[in-house]
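Everything below concerns the one structure shown next.
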Amino acid sequence: MANLTITVDDEVLKQARMRALEENSSVNAILGRYLQDYAQADAARQRRQDALDALLSLAQQCSCGRAGQTWTREDLHER
């Protein structure tokens, strides 16, 4: 583990400590999680894009459809 020194406004740090305490955490733990998420954001974005691409590919391969048929609100909610 590496140590990191940052400069932050005193009031901001005070508020962050109070909020972290309310969440049973610490500013250190919160910043550590944030930096981890920040560092991995590109990989997460790529995974979401890959999943979307796969879904769109499946949708294009699907041979089902409505064959030009349309429905009215009443048709869809017929009881």
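In what follows, residues are counted from 1 in the order of the sequence shown.
From Q36, atom CD reaches atom CG of L31 across 13.0 Å, with rounding to the nearest 0.5 Å. Rounding to the nearest 0.5 Å places CG of D75 at 3.0 Å from OG1 of T72. Atom CG of L13 is separated from atom CE of M18 by 11.0 Å, given to the nearest 0.5 angstrom.
When all heavy atoms are compared, the tightest approach of S25 to I30 is OG-CG1, 3.7 Å. S26 approaches A20 most closely through the heavy-atom pair C-CB, 3.7 Å.
By the side-chain hydrogen bond (donor to acceptor under 3.5 Å, both in side chains) test, E23 pairs with R19, sequence neighbours left out. Considering only residues two or more places apart in sequence or on other chains, Q60 meets the side chain to side chain contact (heavy atoms under 4.5 Å, CB included) condition with none of them. Legend: residues meeting side chain to side chain contact (heavy atoms under 4.5 Å, CB included) with L58, ordered by chain and number and at least two apart, are Q61. With sequence neighbours left out, D10 forms a side-chain hydrogen bond (donor to acceptor under 3.5 Å, both in side chains) with no residue at all. With sequence neighbours excluded, the residues satisfying side-chain hydrogen bond (donor to acceptor under 3.5 Å, both in side chains) with Q46 are D50. Every residue two or more places apart in sequence or in another chain that forms a salt bridge (charged side-chain N to carboxylate O under 4.0 Å, His left out) with R45 is listed here: D42.
Side chains of L4 and L35 form a contact here, defined as non-hydrogen atoms less than 4.5 Å apart.
Hydrophobic clustering keeps L21 apart from V12 (ILVMFWY residues linked when any side-chain heavy atoms are closer than 4.5 Å, directly or through intermediates).
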